[in-house]
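Scope of the values below: all heavy atoms of this structure, side chains included, with no hydrogens, waters or symmetry mates.
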Amino acid sequence: MIKITNLEKFYRTEEVETIALNKLSMEVKKGEFVAIMGPSGCGKSTLLNILGLLDDPDAGSYLFNDIEVADFNERKRADLRKHNIGFVFQSFNLIDELTVFENVELPLIYTGVAAADRVKKVEAVLDKMQIMHRRNHYPQQLSGGQQQRVAIARAVVNTPKIILADEPTGNLDSSNGNDVMELLTDLNEQGTTIIMVTHSEHDARYSHRIIRLLDGQTVVENIMI
Amino acid sequence: MACGILIFTLVTYHLSFDTFHKNPDRIYRFVTEWHDDEIDRSSSVPMPVGTAFRTDFSLGQITARTFLMGNSLVTINQGNDVKKFREENGVTFAEPGFLDIFNFPLIKGNSKELFGKPKQAVVTEKVAFKFFGTTDVIGKVIKVENKTQFTIVGVLKNIPANTDLNTEIYVSYGSLIDYDAFGNDKNWGGVMSSSKAYTLLQPGVTRAAADMALAQLPKKHFTGRDASVWKFKLQPLSDVHFNTEFDAYASKTYLWALFFIGLFLIITACVNFVNLATAQALNRAKEVGIRKVMGSLPYQLFWQFIAETAIITLVGVIVAVGLAELFLPMLNGLFKTEMDFHWMQLSLFIVFATVVVIFLSGSYPGLVLARFQPILALKSKLSQKDVGGFSLRRVLVVTQFVISQVLIIGSIVVVAQMRYAQTADLGFKKDAIVLLPMPKNDKATVGTMRNQLSGIPGVESVTFCMGAPASRSNSTTGINYDNRAEDEHWGINMKSADDQYISTFNIKLVAGRNVFAADTVREFLVNETVARKLGIQPKDLIGKKIAVNGGTIKGPVVGVVKDFYNHSFHSEIAPICIMTQSDNYYTAAVKMDMRHAKESLAAFEKIWSSTFPEELYSYQFLDESIARFYELDNTLLKLVEAFAAIAIIISCLGLYGLVSFMAVPKTKEIGVRKVLGANIGQVLWLFGKEFTYLLLIAFVIAAPLAGWAMHNYLQDFKYKISLGPGIFLAAIASTFVIAAITVSYRATIAALTNPVKSLRSE
Ligand SMILES: Nc1ncnc2c1ncn2[C@@H]1O[C@H](COP(=O)(O)OP(=O)(O)OP(=O)(O)O)[C@@H](O)[C@H]1O
Ligand SMILES: [Mg+2]
């Protein structure tokens, strides 16, 4: 489903040029659950952003479902992204002024789903995440775990083929973190491909495969189980 | 702020009019009122009124009559040299005591017995210098309108700028006998606008008492209905400059309008400051949090903030004073005034305004900051709601929108009305017509002038008349129709003009024929208004006799002309009669081919100067003289435009600031939305929605406000545009466009930011 070869990404500031990704190659198959690990600053988030089509690489190839997307422009990327990719962030990134329901509804609005369908879909996913009773609350009124569940609900409401999660448990305590991991595992079992960045060996154990990065290059790939 | 200072100066300038006299509260001007179907007023009185008040009653300490000969020609002989001056402020004939009522001090000469004898004159230093190059002018002789020679017996200190009595040459009233006007010295039935009277009441005498005494005069000097129609009253000096029912220059309404615009501008600026400062508070939350943890008390924080505001405001004030200094000459030019800053008064105003501004704009953000919860502030978890201000800021933005929309609507209306006034069909042609004065109008002079002017190539027609169809000087008298027993209850405007008048000005006949050439009154033309007032069809008027000017002028009506505007759109079209009466032809109106304007004008001057060698040549284009009717409106227009522009700029700055501060906390939200698939349009709409909404609220408030204000403004015009929805739509559209540009610039930056950047910072 995802295949990158010799992917490169530089960040230029006035004096220094940082090589965030250095001729990185990897592949993720449909239905996989992959964890990406590595020390701070090794390029995990950069990689995830490129995989998520939020950013474009400076060199290399990126095949998404066998289509070359490395040279897609902003518009095409956005289009592909809306329909295929869901994001979960460490800091949840819910919109404070919107209720739980409205937050989850947003991606459906942007993909142009009819209002009646939206209600059905949002309710279904909130039910699944067990936060239906909080549908009219605002993010600040929820605990961190609950907020992350809303964020996951928002990521999956569009039934994306792939979920990208950047340290989804980073801001949570271990019990809430485990809940989130369970949810992701469930989603994976129902067929969603998941790529997750994490610092926690514990969380990584939920995945099928761990890709370890160092200075923008793959070092090891551990196959779990 | 600078505007505030300028407006303050303007307002005090007008309020200070004629306040420098010694007993301003005891000085009054005599005025006339006619209580007929409507009340008419004049700031002048029949010439005998002043005398009667002086001799019949003992209420006045000093009473003096004056007669203003406006725009008069003054000639002086120095050796064989003859110098001619056109005095725009005119020459005033004054009775003894006039200079004692008012505080115009003499610096040379003896004020005792001044004007007791005829042929005396006093002039100001300025005039003395202009005429003779020195102020040592006692004993010198000046000639007024080529008639009487006056000997200068005193020199006045220069007349201050803030008075309506701006004549600089005063001469003995007694000498009026040498001039035509004297014929009215005993005439109770005629009011000449030049003839005024003033009195300094005895101490203790009230205006009511004097008015009561004056009420006896009509009973004594008028008979029949007139005795109850005519009223004489006193008008306090302080009222003279402002009462537009008479001839006031400045209406208080305009001054108040200006005052409020100034206030608006200052409020808008404060609003902006509060806006930005509260928004900034969010960024300063951390600093405040740390201060609080270190033990600073809320009130200390409050004062800290006030102090910061004070510094900013003071810098602003200094800049403002500089700007005001810079722009005052412009304003003076605009209003044709000679204002100066009176630093004493002004500094009081500035200090007061500064303090108010500091507290208004400093206290709210100060309070908000001081009340922050330190923990939250440190964690920088303060959201918009904690700085309070979001909905408050909405209110403020709405306020700004309201102000700018009111001003925009205001300027649109004024512009539209001005354009209407300048392009509307006046009922006569005003282009390519030059007006020349006729200082002498005996038959021979008129005849030769006519021949000579007509002979100039490029001249299409020449008419001799009292004045152009639309003119400032209108002479109104009573009218008797068809030998009815009683005169009509309305006055008729008499226009003397020859048979070329209606063709030169292109005035249309609706019934009958034009008058035949004649030098005395044989027959009349009247306008449609006369027919309407009489309730008679124009064609039925033909052949009927009318008598005007107290029955001294009579004749049959031979034609009815289409209505034309006889003054500005401020006043209603009057009933008018036109008659041939050559001794009233003070103007020659020449219609010419504008392609040869230059040669023709040169030829006019040559002919005119050789016909009137003793006079000073001057001419005027009719369209320019008509444009003068709207001078005050044009001034107003320029002001409203300038202030509207300033208000709009200030609001835009405010708006820009607001959007910036809205955008900062929103960048993350925008990032999230973009990740979720929002396109740029959808992100822009986030901002647009908000402002459209605020703008609409503002419009709902502004429209009736502006509608009301403009309705009042248009009340001043008898002929006016109607306030259609188009004006309001234009206003909201223009504010919308301006706001949209401001907002979208900032919002686009926010919308285009790559979400990766805005989401990275956790
Ligand atoms: N916008 C940017 N401008 C300049 N340098 C950047 C930018 N974004 C990332 N970098 C640099 O690129 C490298 C990779 O950053 P990245 O955020 O991918 O690391 P990470 O592996 O996600 O680290 P962490 O585990 O701390 O999240 C780092 O050295 C970082 O400093
Ligand atoms: Mg990272």
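Within 6.0 Å of OH on B:Tyr693 lie no more than 12 heavy atoms contributed by other residues, nucleotides or ligands. No more than 12 heavy atoms of other residues, nucleotides or ligands lie within 6.0 Å of CD in A:Gln130, so this atom counts as exposed by the packing criterion.
In terms of heavy-atom proximity, A:Leu98 sits nearest to B:Arg673 at CD1-NH2, 3.5 Å. The two residues B:Lys674 and A:Arg81 come nearest to each other via the heavy atoms O-NH2, 3.0 Å.
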Throw together a table of side-chain donor-acceptor distances under 3.5 angstrom for residues 36-43 of chain A, partners on residues two or more places apart or in other chains.
none

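The line from CG of A:Asn103 to CG of B:Leu676 is 8.5 Å long, rounded to the nearest 0.5 Å.
Side-chain contact check for B:Val672 versus A:Phe87: every heavy-atom pair is 4.5 Å or farther apart.
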